[in-house]
Every structure is written in C-alpha cells, then in structure tokens.
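As the structure is a computational prediction, the values presented were derived from the model and not from experiment.
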Amino acid sequence: MREAPENTHVFDELMAKATASAGAFGHREHVHLTWLAVGRVGMPAAIALVSDGIQRTARYAGAPQKYHVTVSRAWVELVAYHAAAHEQPDFAAFAERHPALLDKRLLTRFYRSATLADAQARTSWVEPDLAPFPWTALTR
C-alpha cells in the first residue's frame with residue numbers, strides 16, 4: 001500500500017511536533033502524535049494517517065515487524081474518544097486529564113495478551129476480546 005504524498009507530509013509534520021521536546025518516539029510521543037492527527041483530520045482519517053506513517057517509519061528503521069494493525073488503530077480510537085469527550089487546548093492538558101492513555105499497557109484492559117500477540121491482530125483489525133471499548137459499550 002502506497003501512502004499519498006500529502007499524508008506523508010502531514011504525518012512527518014505531526015511527528016516532528018510530537019517529538020520536538022523529547023527527541024525520541026516513546027509511548028507519550030505516540031499518543032501526542034495521535035492526538036495531533038485526530039485534531040487535524042478527525043478519527044477515521046487519523047487511523048489511516050497514523051497507521052500508514054508508523055508502518056512507513058518502522059519499515060525505514062529496518063523493523064517492519066514492529067508495526068501492528070490492531071494496536072495502531074486501537075490507540076487512535078481511544079485517543080479520539082477521549083479527545084472528543086473533553087476538548088483540551090494543548091497536549092499537556094489532554095495528557096493531564098487522561099493519564100491512563102500514557103500507560104502503554106492500557107490495551108490489556110480490552111485485549112488478552114495472546115490476542116494481541118497473534119499474527120491476525122498484527123496484520124488486520126481485531127475487536128477487543130476482554131471488554132468493549134467505552135464508546136461501543138454505550139451503544140449495546
């Protein structure tokens with residue numbers, strides 16, 4: 001799958017903003033990047049923007065196996081849900097209001113470890129198997 005050039009530019013711009021103060025790309029920066037993407041293009045488009053950009057970055061780093069479809073999409077959906085519930089003026093305020101998002105183990109509330117480790121979850125979207133995401137629990 002080839003990423004559109006404009007998406008590459010937007011991803012690179014958002015990545016630079018997310019890593020500016022840290023100089024690295026840890027979990028906090030991943031959440032920051034995702035928050036920026038959701039704010040810029042909305043949740044559905046942010047899934048593709050973040051997923052394609054992270055996949056491209058992992059491939060260029062010589063570690064394409066690090067890209068994970070389910071994990072990438074789940075984080076975009078979680079960040080988008082919280083961003084929509086409480087709009088914040090900047091990422092620091094957002095992170096302070098939603099500290100659980102800074103715990104990289106948060107997905108284990110929704111997924112079994114074996115599910116996330118499975119090849120199917122790495123290569124395609126898999127629904128949570130422990131608990132539904134908060135926005136889907138409201139519609140059931």
Side-chain angles (χ1 to χ4, degrees):
M1 175 191 317
R2 291 196 73 118
E3 189 176 2
E6 61 275 3
N7 282 350
T8 299
H9 173 72
V10 171
F11 179 84
D12 291 347
E13 175 191 332
L14 299 180
M15 175 70 94
K17 286 181 183 178
T19 59
S21 62
F25 190 62
H27 180 69
R28 182 183 181 91
E29 292 74 31
H30 185 144
V31 174
H32 189 176
L33 167 71
T34 302
W35 179 79
L36 290 167
V38 167
R40 171 78 70 90
V41 299
M43 193 276 289
I47 291 171
L49 179 69
V50 171
S51 295
D52 292 347
I54 289 174
Q55 186 174 26
R56 178 175 47 91
T57 302
R59 191 172 54 248
Y60 288 161
Q65 73 282 359
K66 286 191 171 190
Y67 175 70
H68 194 294
V69 171
T70 299
V71 169
S72 292
R73 178 175 165 180
W75 278 108
V76 173
E77 290 192 19
L78 283 165
V79 169
Y81 169 75
H82 288 87
H86 303 102
E87 204 168 303
Q88 299 296 319
D90 57 48
F91 181 71
F94 176 76
E96 186 175 317
R97 180 159 183 103
H98 305 288
L101 293 172
L102 299 180
D103 179 359
K104 62 183 173 181
R105 297 168 304 189
L106 178 63
L107 293 185
T108 62
R109 294 182 189 173
F110 306 99
Y111 291 94
R112 288 180 176 81
S113 296
T115 300
L116 290 177
D118 189 74
Q120 182 180 354
R122 288 189 157 285
T123 58
S124 61
W125 171 247
V126 173
E127 293 286 339
D129 60 350
L130 278 180
F133 286 131
W135 57 94
T136 58
L138 297 174
T139 60
R140 290 182 181 175

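In terms of heavy-atom proximity, I47 sits nearest to S51 at O-OG, 2.7 Å. Nearest heavy-atom pair, E29 versus G26, reported as atom, atom and distance to 0.1 Å: OE1-N, 2.8 Å. Shortest non-hydrogen contact noted between A18 and L33 is CB-N, 3.6 Å. Taking both residues in full, the closest heavy atoms of A121 and V126 are given as CA-CG2, 3.5 Å, listed atom of the first, atom of the second, then distance. In plain terms, the two heavy atoms of Q88 and W35 that are nearest each other are O-CZ2, 3.7 Å. What you find for H68 and V71 is that their closest heavy atoms are ND1-N, 3.0 Å.
The aromatic rings of H86 and H98 are tilted relative to each other, their planes meeting at an angle between 30° and 60°.
Considering only heavy atoms from C-beta on, V69 stays 4.5 Å or farther from R122 through its side chain.
Note that CZ of F110 and CG of D129 are 12.0 Å apart. Values are rounded to the nearest 0.5 Å. Expressed to the nearest 0.5 Å, how far CZ of R73 lies from CD of E127 amounts to 6.5 Å. How far OG of S113 is from CG of L130: 8.5 Å, rounded to the nearest 0.5 Å. A distance of 11.0 Å separates CD of E87 from CZ of F94, quoted to the nearest 0.5 Å. Summarising the geometry, atom CG belonging to D52 is positioned 8.0 Å from atom OG1 belonging to T8; distances are rounded to the nearest 0.5 Å.
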| request: Test side chain to side chain contact (heavy atoms under 4.5 Å, CB included) on K104 and H30 and set out the steps. | output: CA-CA 10 Å; K104 62 183 173 181; H30 185 144; over 6 Å; no
| Derivation and outcome, salt bridge (Lys or Arg N to Asp or Glu O under 4.0 Å), residues D12 and R56 | CA-CA 11 Å; D12 291 347; R56 178 175 47 91; 3.0 Å; yes
| task | Decide yes or no on side chain to side chain contact (heavy atoms under 4.5 Å, CB included) for L78 and L107, but give the supporting numbers first. | result | CA-CA 9 Å; L78 283 165; L107 293 185; 3.5 Å; yes
| Hey, mind stepping through R28 and H32 against side chain to side chain contact (heavy atoms under 4.5 Å, CB included) and telling me if it holds? | CA-CA 6 Å; R28 182 183 181 91; H32 189 176; 5.5 Å; no
| task | For F91 and K17, run side chain to side chain contact (heavy atoms under 4.5 Å, CB included): C-alpha distance rounded to whole Å, both residues' side-chain angles, the deciding distance at 0.1 Å, then the answer. | result | CA-CA 11 Å; F91 181 71; K17 286 181 183 178; over 6 Å; no
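A donor-acceptor pair is defined here as one N or O able to donate and one able to accept, closer than 3.5 Å; such a pair exists between the side chain of T70 and the backbone of S124.
Within 6.0 Å of CD on E96 lie no more than 12 heavy atoms contributed by other residues, nucleotides or ligands.
Ring to ring, F133 and Y81 are not that close: their centroids are 6.0 angstrom or more apart. Aromatic rings of W75 and H27 (six-membered ring for Trp) have centroids within the 6.0 Å cut-off, being under it.
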